[in-house]
Amino acid sequence: MWQELHAELEPKGTTVVTVALDLDPEKARPFIEAASPTHPSLIDRHHHLDRSLGIVNVPMAVWIDETGTLVRPAEAASIKVSAMRSMEIPEDTPDRVKALLTEARKIPGRPEEYRAAIVDWANKGADSAFALSPEEVIERSQGRPIEHSEAAASFELGCHLYETAGKDAAIPLWKRAHELHRENWTYKRQAWTLETTAEGEPSDLFQEVGDVYGTSWLDDVVALGGGENYAIVPDLD
Amino acid sequence: MLLTDATIDPATFAAETGWESKPEGLCKGDVCVPAPEALAVDGQLDAAAVAAKLGMAIVRDEASGVAVLGPESGGRALTSATVPDLNLEDVDGNPFDLASLHGRKVLLVAWASW
């Protein structure tokens, strides 16, 4: 998906750079190898992008101009309509899965318009109506209270301890990060995905509330106001 | 950023956080915060004073003695629209400096395997 966009934009002077927020690069490898990217494809083991650019979920993107200046802050970056959006939910679907799919379908997004906006910017640069001034970029970035700074420090320290002392040392710090910055899904999903359910479900999204964190994707989405609040949707009007 | 001492080397601090130590104070983009108390005697920065001045949380692991300094707070997630230094590796460990793409537009996309 991103490779296709990169191939289209590369002759227009625009490069796509993908960054996987993955503690273990080997988890990202199969996806990278399947995509065969000709663009830079990087790994951010300790979620540096959360601290430096305000990333709180995936996929999210920032736009950077030729001088290294942001022209759009961190915002949801879907460029394809999710198949989940139009999927019928069969009657016999288990209740929890049904509830999860219902919330997932509420996640807002205008992928076709967002893709068109990227192409417009690639063509017109600073003259694109979608390229924002530095002041607008800062203003549109999310607020950062001291609790979010503590969450970021806790998450980063947890990552360091995970690699030097093991997962048990990391868990209390990651829990603290989850509590302090509830809207940051990269802290939560990164940690959840290291736990396995009794059923061995492959995705953390479908996990029940676990013993380790006492939280789950579905319960947290509902607690934060439902799928409609899940993504920081780009304002393209 | 990881803290290994009560003081921080200014060059490391700038590379990690984007905040540069200048005569007028600690500066990031157009924002400068006067912070005479942050300058330690040996040209190093006093970590606790910097943290207090910029709203950076310090979280410490007592067992290992390791501490981490969080990002600045009290405003927006972005203090400046200038992209900070970003040096990351690819999946095979080869380093990549985002600054090498200066002169081109960049769409930087965060994703994950999970």
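Numbered from 1 within each chain, the chains take letters A, B, ... in sequence-line order. Bear in mind the structure is a predicted one, so any value in this text is a computation, not a measurement.
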Inset, instruction - Rounded to the nearest 0.5 Å, what's the gap from CG on B:Leu78 to CZ on A:Arg140? Could you check? - result: 13.0 Å
Inset, instruction - Below 4.5 Å from any heavy atom of chain B, which atoms of A:Thr186 appear? Answer side chain, backbone, both or neither. - result: both
Inset, instruction - Could you look at A:Trp63 and say if it's the side chain, the backbone, both or neither that has a heavy atom under 4.5 Å from chain B? - result: both
Legend entry - Contact leader toward chain B among A:Leu49, A:Asp22, A:Thr69, where contacts are heavy-atom pairs under 4.5 Å: A:Asp22
Inset, instruction - Sort out for me which of A:Leu132, A:Ile146, A:Asp65, A:Leu53 touches chain B most, counting heavy-atom pairs under 4.5 Å. - result: A:Ile146
Legend entry - Residue among B:Gly93, B:Ala81, B:Ala57 with most heavy-atom pairs under 4.5 Å to chain A: B:Ala81
Legend entry - Segment of A:Ile118 engaging chain B (4.5 angstrom heavy-atom cut-off): side chain
Legend entry - A:Trp174 ring center near A:Tyr162 ring center (under 6.0 Å): yes
Legend entry - Selection from B:Asp90, B:Leu88, B:Val91, B:Asp92 maximising heavy-atom pairs under 4.5 Å formed with chain A: B:Val91
Legend entry - Segment of A:Pro59 engaging chain B (4.5 angstrom heavy-atom cut-off): both
Legend entry - Polar side chain donor-acceptor pair, A:Glu163 to A:His46, under 3.5 angstrom: yes
Inset, instruction - For the residue pair B:Ser64 and B:Asp61, confirm or rule out a side-chain donor-acceptor distance under 3.5 Å. - result: yes
Inset, instruction - Using non-hydrogen atoms and a 4.5 Å limit, figure out which bit of A:Glu10 sits close to chain B: side chain, backbone, both or neither. - result: both
Legend entry - Under 3.5 Å donor-acceptor, A:Glu156 side chain and B:Met1 backbone: yes
Inset, instruction - Below 4.5 Å from any heavy atom of chain B, which atoms of A:Thr18 appear? Answer side chain, backbone, both or neither. - result: both
Inset, instruction - Specify which of A:Val62, A:Ile32, A:Asp50 makes the most heavy-atom pairs with chain B at under 4.5 Å. - result: A:Val62
Legend entry - Contact class of B:Ile58 relative to chain A, heavy atoms under 4.5 angstrom: neither
Legend entry - B:Phe13 side, atom CZ; B:Ser21 side, atom OG - distance, nearest 0.5 Å: 9.0 Å
Legend entry - Per-residue contact mode, A:Gln190 against chain B (heavy atom under 4.5 angstrom): both
Inset, instruction - Decide whether A:Thr15 and A:His39 meet the rule of one side-chain donor and one side-chain acceptor closer than 3.5 Å. - result: no
Inset, instruction - Spell out, as yes or no, whether a donor-acceptor pair under 3.5 Å connects the side chain of A:Arg176 to the backbone of A:Ala151. - result: no
Legend entry - Interatomic spacing from OG in A:Ser154 to NE2 in A:His148 - rounded to 0.5 Å: 12.0 Å
Legend entry - Leading residue by heavy atom contact count with chain B [cutoff under 4.5 Å; candidates A:Met60, A:His47, A:Lys27]: A:Met60
Inset, instruction - Go through the atoms of B:Leu69 and report whether side chain, backbone, both or neither lie under 4.5 Å from a heavy atom of chain A. - result: backbone
Inset, instruction - Quick one: which of A:Ala165, A:Ser41, A:Ala20, A:Ala61 has the most heavy-atom pairs under 4.5 Å with chain B, could you say? - result: A:Ala20
Legend entry - Modelled atom types, side-chain donor and acceptor of B:Glu72 and A:Ser149, under 3.5 Å: no
Legend entry - Top of A:Val137, A:Ile138, A:Thr164 for chain B proximity - count of heavy-atom pairs under 4.5 angstrom: A:Ile138
Legend entry - Portion of B:Asp30 that has a non-hydrogen atom of chain A nearer than 4.5 angstrom: neither
Legend entry - salt_bridge(A:Glu179, A:Arg182) N-O dist < 4.0 Å: no
Inset, instruction - Check whether B:Ser80 gets within reach of chain A through its side chain, its backbone, both or neither, counting any heavy atom under 4.5 Å. - result: backbone
